[in-house]
Amino acid sequence: MESGMALSLEDFLVRARVLKLYRHALRISRRAPPHARGEAYTWKSEPISCCLIRADLRQIIRQEMENNRNCNDKQRIRFLISDGIERVKRLDETLDMQGH
């Protein structure tokens, strides 16, 4: 999407949902430890790394958003939002279980 193009209402609302999800994921990532302590986190239902730190988690979240930045398929965007919500929820639960 070019910066000079006006968004339709639907596109505006989808964009708002994506940004809300991104901000929520970053807020949750703040709870991750700033230094490695041998803990594992899950992302996409797979353990990421036992040495994952806050900066790594934030980079993964950002990269996921960047990878799908130019997606124009509305059905895929809806899927990605739903998947992202579930992944953030699992991350939140994992951090809760680990006491972060």
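The first residue in the sequence is number 1, and the count goes up from there. Source: prediction; values computed, not measured.
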> Is the number of heavy atoms from other residues, nucleotides or ligands under 6.0 Å of Q75 CD greater than 12?
Replying inline: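 No, not enclosed.
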How long is the straight-line distance from [atom2] of [Y] back to [atom1] of [X], given to the nearest 0.5 Å?
| X | Y | atom1 | atom2 | result |
| --- | --- | --- | --- | --- |
| R54 | D56 | CZ | CG | 11.5 Å |
| Q59 | E64 | CD | CD | 11.0 Å |
| D83 | R87 | CG | CZ | 5.0 Å |
| R15 | I77 | CZ | CD1 | 12.5 Å |

- prompt: Any side-chain heavy-atom pair from R78 and V14 closer than 4.5 angstrom?
  reply: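 No, side chains not in contact.
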Query raised in the report: What about I85 and I61, same hydrophobic cluster or not, with Ile/Leu/Val/Met/Phe/Trp/Tyr joined at side-chain heavy-atom distances under 4.5 Å?
Result: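 In one cluster: yes.
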Joint hydrophobic cluster, L9 plus L7, side-chain heavy atoms closer than 4.5 Å =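 Yes, same cluster.
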Distance-minimising heavy-atom pair for A32 and L57: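 Smallest interatomic distance, heavy atoms only, reads CB-CD2, 4.0 Å.
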Q: Would you sort out whether E93 and R90 count as a salt bridge (charged side-chain N to carboxylate O under 4.0 Å, His left out), showing the intermediate values?
A: CA-CA 5 Å; E93 291 168 354; R90 282 194 306 271; over 6 Å; no
Please assess D11 against K74 for the test side-chain contact (heavy atoms from CB on, under 4.5 Å), listing each intermediate value before the final yes or no. CA-CA 9 Å; D11 290 343; K74 293 187 186 315; 2.8 Å; yes
Taking distance alone, no hydrogens or angles, what donor-acceptor pairs closer than 3.5 Å link side-chain atoms of residues 17-30 to residues at least two apart or in another chain?
{"from": "S29", "atom 1": "OG", "to": "L26", "atom 2": "O", "distance (Å)": "2.7"}
{"from": "S29", "atom 1": "OG", "to": "R58", "atom 2": "NH1", "distance (Å)": "3.4"}

